[in-house]
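Mind looking over this structure? Questions follow.
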Amino acid sequence: MNITATLIAQIIAFVALIWFVNKLLWGPVTKMMTDRQKRIADGLAAADKGQHELVRAEEHAKELVRAAKAQAGEIIALAEKRGGEIVEEAKLGARSEADRLVLTAKAEIEQEINRAKEQLRGQVVSVSVAGAQRILGREIDAKAHGDLLKDLVAQI
Amino acid sequence: MSQSENASGGGTVEYIQHHLTNLCVGNCDPITHQAAGFWAWHLDTMIFSYLLAALIVFVSWRLGGKLNPGVPGGFQNFVESILDFVSGQVRDTFPGHNPLIGPLALTIFVWVFLMNFMDLIPVDLLPLIASWFGIQYLKVVPTTDLNTTLAMSLTVFGLIIFYNIKVKGLGGYLKMFLFHPFGKFFVPVNIVMSTIEELAKPLSLGLRLFGNLFAGELVFLLIALLGGTAVGAMFYFMFPLQIILDLGWLIFHLLVITLQAFIFMVLTIVYLAMAHAKDH
């Protein structure tokens with residue numbers, strides 16, 4: 001109704017208030033809100049990335065397990081084969097050892113037999129010589145019949 | 001009896017006039033208490049609008065110190081939703097980018113709303129309290145003072161002219177006055193039409209807000225008169241009626257004050273968007 005100097009005062013107040021609102025409210029809050037938008041977008045992107053990486057890691061883990069299983073199977077087969085070989089080798093070794101032992105035993109036995117025969121032969125000779133000496137002591141001259149006796153010993 | 005009726009009738013007019021008189025300081029008429037010349041200050045308008053502006057600044061300052069970018073609390077949420085609403089309006093209406101428009105629109109919306117809100121305080125409460133301190137005249141609602149509404153609309157008008165010249169150039173702006181509505185064969189008509197159109201912007205902006213709030217205040221005063229002037233047994237009928245009507249008008253007015261603040265804001269954005277348009 002009546003325009004007074006109040007108008008000027010109100011214009012000044014209005015302009016000052018706009019400045020304050022911009023400085024204290026609009027500026028900080030909009031900045032904070034855009035920051036938050038960015039943070040949310042970043043967070044979502046990171047989550048997506050994480051999901052991708054998880055899937056990749058799972059696949060990788062599966063692959064590793066598969067490879068490990070295959071390797072383990074190979075190793076087991078190899079070990080079994082090697083075990084069989086070792087058993088075979090041991091069997092062979094044992095058999096040859098046994099044969100060898102048998103052979104030595106046989107040789108020893110033969111040696112023993114031979115020695116016993118020698119001994120026995122000697123003893124028989126000496127016994128028969130002694131017997132013959134006793135029987136023939138007077139009749140046969142050792143010197144005269146020496147050749148004959150030697151021939152006898154060789155024949156026994 | 002007739003004498004008292006006359007007195008009460010005169011009292012009614014006086015009551016309303018008294019309530020619509022500003023607390024004038026400076027060059028004022030000592031009898032009517034109206035401003036007698038330009039250099040008068042409406043102290044009540046200034047004090048209440050400044051207090052509300054200070055409230056906005058204080059709350060902004062308090063809030064700005066403890067903004068939580070992660071999980072916003074209750075009040076921050078509220079402020080953010082208002083801010084989001086305003087910036088949404090700016091984005092929808094305003095082409096291009098101007099960092100001033102957002103704070104301007106927010107200031108208008110919040111300040112006008114708060115000043116309008118003073119209308120919802122019971123009409124006699126603050127003047128009564130003021131009268132205890134010897135202040136005889138108090139008009140509580142700053143937006144029922146033409147000085148406030150015109151101050152804002154003229155500031156917006158200044159911005160309109162500034163951005164018109166900044167965007168279109170002084171020549172382009174003057175050319176708009178010469179050739180705008182009807183082309184180059186009606187230059188005199190165009191000047192008149194464009195001038196009216198430009199001047200209508202601040203006037204309609206300021207007068208609309210003033211008219212709505214002034215009328216609303218007047219209706220509150222008339223409703224307040226129902227119980228206040230009823231005599232005898234009529235008081236027992238009029239007083240409940242006053243309460244009911246007051247409540248009804250209050251609820252309706254709550255809508256009006258929000259709407260007026262919104263309209264002022266949107267029209268400001270629209271006018272400034274028009275000022276930024278290259279080819280008008």
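Every chain is numbered from 1 and lettered A, B, ... according to where its sequence line falls, protein lines coming before strand lines. On a predicted model such as this, the values are computed, not experimentally measured, just so you know.
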Roughly how far apart are B/Leu63 CG and A/Met32 CE, rounded to 0.5 Å?
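CE of A/Met32 is found 7.5 Å from CG of B/Leu63.
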
Would you mind telling me which of A/Asp35, A/Leu17, A/Ile40 has the largest number of heavy-atom pairs within less than 4.5 Å of chain B?
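Between A/Asp35, A/Leu17, A/Ile40, the count favours A/Leu17.
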
Check whether any side-chain heavy atom of B/Asp145 sits under 4.5 Å from a side-chain heavy atom of A/Gln10, and report yes or no.
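B/Asp145 does not reach A/Gln10 side chain to side chain.
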
Quick check on B/Val79 against chain A: is it the side chain, the backbone, both or neither that has a heavy atom closer than 4.5 Å?
side chain

Evaluate the side-chain proximity of A/Phe14 to B/Thr148: yes if any heavy-atom separation is below 4.5 Å, no if none is.
no

For atom CD of A/Glu97, decide whether the heavy atoms of other residues, nucleotides or ligands shown that lie under 6.0 angstrom number more than 12.
yes

Are there over 12 heavy-atom neighbours, none belonging to B/Phe78, within less than 6.0 Å of that residue's CZ?
no

Most contacts with chain A, counted as non-hydrogen pairs under 4.5 angstrom, among B/Ala53, B/Ala54, B/Gly102, B/Pro99:
B/Gly102

B/Phe117 CZ: over 12 foreign heavy atoms closer than 6.0 Å:
no

Distance (rounded to the nearest 0.5 Å) between A/Leu25 CG and B/Leu106 CG
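A/Leu25 CG to B/Leu106 CG: 5.5 Å, rounded to 0.5 Å.
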
Any side-chain heavy atom of B/Ser87 sitting closer than 4.5 Å to one from A/Trp26?
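B/Ser87 reaches A/Trp26 side chain to side chain.
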
Side-chain contact, heavy-atom cut-off 4.5 Å: A/Leu7 with B/Leu154?
yes

With only heavy atoms counted, which part of B/Ser49 is less than 4.5 Å from chain A, the side chain, the backbone, both or neither?
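Side chain only.
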
Looking at B/Met46, B/Glu80, B/Gln76, which makes the most heavy-atom pairs under 4.5 Å with chain A?
B/Glu80

Minimum heavy-atom distance between B/Trp41 and A/Ala9, given as atom pair plus value
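Heavy atoms of B/Trp41 and A/Ala9 come nearest at CZ3-CB, 4.0 Å.
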
Go through the atoms of A/Ile12 and report whether side chain, backbone, both or neither lie under 4.5 Å from a heavy atom of chain B.
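For A/Ile12, no heavy atom lies under 4.5 Å from chain B.
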
To the nearest 0.5 angstrom, please state how far the CG atom of B/Leu150 sits from the OG1 atom of A/Thr6.
11.5 Å

Tell me if the CD atom of A/Glu110 is crowded by more than 12 foreign heavy atoms within 6.0 Å.
no

For atom CD of A/Gln71, is the number of surrounding heavy atoms from other residues, nucleotides or ligands below 6.0 Å larger than 12?
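At most 12 heavy atoms, drawn from other residues, nucleotides or ligands, come within 6.0 Å of this atom.
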
Name the region of A/Asn22, side chain, backbone, both or neither, that has any atom closer than 4.5 Å to a heavy atom of chain B.
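Answer is both: backbone and side chain atoms of A/Asn22 are under 4.5 Å from chain B.
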
